[in-house]
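A quick write-up on the structure given underneath.
All values below come from the heavy atoms of this structure, side chains included, with hydrogens, waters and symmetry mates left out. Whatever order the structure lists ligands and atoms in, that order sets their numbers, starting from 1.
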Amino acid sequence: MSVEIFYDDDADLSVIQGRKVAVIGYGSQGHAHALSLRDSGVDVRIGLREGSKSAAKAEEEGLRVLTNAEAAAEADVIMILAPDTAQRHIYAQDIAPNLKDGDALFFGHGFNIRYGLIEAPSNVDVAMVAPKGPGHLVRRQFVDGKGVPALIAIEQDATGNAQALALAYAKGIGGTRAGVIKTTFKEETETDLFGEQAVLCGGASALVQAGFEVLTEAGYAPEVAYFECLHELKLIVDLMYEGGIARMRYSISDTAEFGDLTRGPRVITPAVKEEMRKILGEIQDGTFATEWVNEDDAGRGNYKKLQQEGEQHPIEEVGKKLRGLMSWVDRPITETA
Ligand SMILES: NC(=O)C1=CN([C@@H]2O[C@H](COP(=O)(O)OP(=O)(O)OC[C@H]3O[C@@H](n4cnc5c(N)ncnc54)[C@H](OP(=O)(O)O)[C@@H]3O)[C@@H](O)[C@H]2O)C=CC1
Ligand SMILES: CC[C@](O)(C(C)=O)C(=O)O
Ligand SMILES: [Mg+2]
Ligand SMILES: [Mg+2]
């Protein structure tokens with residue numbers, strides 16, 4: 001099955017320049033979309049809850065901040081970029097009462113639509129523009145004249161114009177510079193959750209921590225273990241990013257490559273792959289979504305406990321010390337939002 005990929009020439013920026021866009025939320029993705037759309041000549045306003053601590057940051061950038069309801073009422077394209085667990089409440093309270101015929105409801109991730117937490121009326125477009133990267137890099141790449149690849153999906157095409165609008169929006173945030181793939185809300189949601197849980201965030205963090213623990217428990221210096229298991233990972237992944245696993249293997253020593261080929265499969269065993277399949281199953285049958293929504297409703301006790309344990313892992317302390325000596329590495333995440 002081949003996918004459709006769109007680039008700059010396939011998208012008409014004037015389609016989104018002719019609309020009034022509300023970006024709800026000004027966090028990782030929200031600030032990136034809002035600032036890049038504004039720089040692309042789009043009429044943008046920010047929707048935030050009363051007393052929001054993000055309001056000052058958006059206003060510092062010259063953006064107009066309204067309440068969620070005011071922004072939704074004023075705009076005809078409403079992009080919801082608040083946390084996934086907050087979206088259904090924002091939608092019910094502030095957006096649904098302000099939706100007009102022909103409006104467009106946009107998402108940066110399909111969670112709420114895929115799991116039926118938001119059900120939009122049939123007279124509005126429902127679409128997704130989902131960058132395949134963290135918001136701060138989406139903005140940084142845009143400013144550097146580059147882009148982060150993105151997925152678009154159309155759940156509901158009330159106007160017949162939803163795809164052109166989604167592509168124009170993706171162009172406005174730099175997505176079509178890198179390539180935009182058309183998918184569905186189902187595919188985006190399930191693959192995104194799987195990727196972040198099993199490979200990109202969950203898998204990689206657990207792999208790094210386990211490697212660090214094995215080395216330090218065996219008596220090696222935490223500083224050496226940090227460089228080996230975390231710092232150098234970026235350099236290795238950069239080579240994969242540039243030219244795939246083959247390019248990385250070309251660049252490393254043959255000793256490393258022989259160890260990679262013979263030992264890698266002993267770390268990622270068939271049992272690990274089986275666990276990955278279970279994780280995918282929990283995403284597909286809604287078990288993960290229910291667990292996450294319930295965790296949020298219950299005040300996030302377990303989430304906060306696990307978060308704290310992660311922050312207290314010994315690799316964080318040694319990493320903080322070492323990154324403090326490498327001024328070019330320690331970029332504060334608050335640099336733009
Ligand atoms: N993080 C990422 O890079 C990626 C995220 N996505 C998706 O993008 C969406 C946004 O995620 P992300 O950028 O991480 O979100 P963040 O957690 O960074 O969003 C925080 C922002 O949302 C605001 N917010 C929180 N609650 C509300 C509310 N009730 N009403 C209005 N604003 C609110 C916060 O304001 P306040 O100051 O008031 O707390 C803050 O401005 C999600 O669907 C996510 O899955 C997709 C791709 C990557
Ligand atoms: C990998 C995590 C992510 O899916 C992302 C940055 O794309 C997210 O939800 O933040
Ligand atoms: Mg993602
Ligand atoms: Mg995600």
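Residues Thr183 and Glu187 bring a donor and an acceptor atom of their side chains to less than 3.5 Å of each other. Counted by atom type alone, Thr85 and Arg300 present one or more donor-acceptor pairs between their side chains at under 3.5 Å. Side-chain contact of Glu213 with His313: a donor-acceptor pair under 3.5 Å is present, judged by distance alone.
Note: His231 and Tyr226 have tilted aromatic rings, judged against thresholds of 30 and 60 degrees for the angle between ring planes. Ring-plane geometry between Trp292 and Tyr303 is classed as tilted, the angle between the planes lying from 30 to 60 degrees on a 0 to 90 degree scale.
Taking every non-hydrogen atom of Gly27 and a distance limit under 4.0 Å, the qualifying atoms of ligand 1 come out as 18 (O), 19 (O), 20 (C), 21 (C), 40 (C), 41 (O). Atoms of ligand 1 lying under 4.0 Å from at least one heavy atom of Ser52, given by number and element, are 35 (O), 36 (P), 37 (O), 38 (O). Every atom of ligand 1 with a heavy atom of Asn68 under 4.0 Å away is listed here by number and element: 30 (N), 31 (C). When each atom of ligand 1 is checked for a heavy atom of Gln87 under 4.0 Å away, the hits are 42 (C), 43 (O). Applying the 4.0 Å criterion to heavy atoms of Asp84 picks out, from ligand 1, the atoms 42 (C), 43 (O), 44 (C), 45 (O).
Other residues, nucleotides and ligands place more than 12 heavy atoms under 6.0 Å from the NZ atom of Lys100. For Lys132, the NZ atom counts as densely surrounded, since its 6.0 Å shell holds more than 12 non-hydrogen atoms of other residues, nucleotides or ligands.
Nearest-residue assignment for atom 18 (O) of ligand 1 (options Ser28, Pro134, Ala55, Gly133; heavy-atom criterion): Ser28. Closest heavy-atom approach to atom 29 (N) of ligand 1 among the candidates Val129, Val23, Leu137, Ile90: Ile90. Comparing Gly25, Ala82, Gly47 by heavy-atom distance to atom 11 (O) of ligand 1, the nearest is Ala82. By heavy-atom distance, the residue among Ala32, Pro83, Ser54 lying nearest atom 25 (C) of ligand 1 is Pro83. In the candidate list Glu50, Arg49, His109, His109 is nearest to atom 7 (C) of ligand 1, counting heavy atoms. Counting heavy atoms only, Gln29 comes closest to atom 2 (C) of ligand 1 of the residues Gln29, Lys53, Glu196.
Judged purely by atom type and a 3.5 angstrom limit, Glu257 has no side-chain atom pairing as donor or acceptor with the backbone of Met248. No donor-acceptor distance shorter than 3.5 angstrom exists from the side chain of Arg139 to the backbone of Ser28, with no hydrogens or angles considered.
Inclusion of Ile24 in the set of residues having an N or O under 3.5 Å from an N or O of ligand 1 is not warranted.
Proximity of the aromatic rings of Phe106 and Tyr169 is defined here by a centroid distance below 6.0 angstrom, and this criterion is met.
Ion pair Lys320/Glu316 not flagged as a salt bridge, since none of the NZ, NE, NH1 or NH2 atoms sits closer than 4.0 Å to an Asp/Glu carboxylate oxygen.
The shortest separation from a heavy atom of His31 to ligand 1 is not under 4.0 Å, leaving the residue out of contact. Contact analysis puts Pro131 in contact with ligand 1, with a non-hydrogen atom separation below 4.0 angstrom.
The closest approach of Glu196 to the Mg ion (ligand 4), by N/O/S atoms, is made by OE1.
Looking at atom 46 (C) of ligand 1, its nearest protein heavy atom turns out to be Gly108 O, 3.4 Å. At the shortest separation from atom 15 (O) of ligand 1 among protein heavy atoms lies Leu81 O, 4.0 Å.
Among the backbone and side-chain atoms of Asp192, an N/O/S atom is found under 2.8 Å from the Mg ion (ligand 3).
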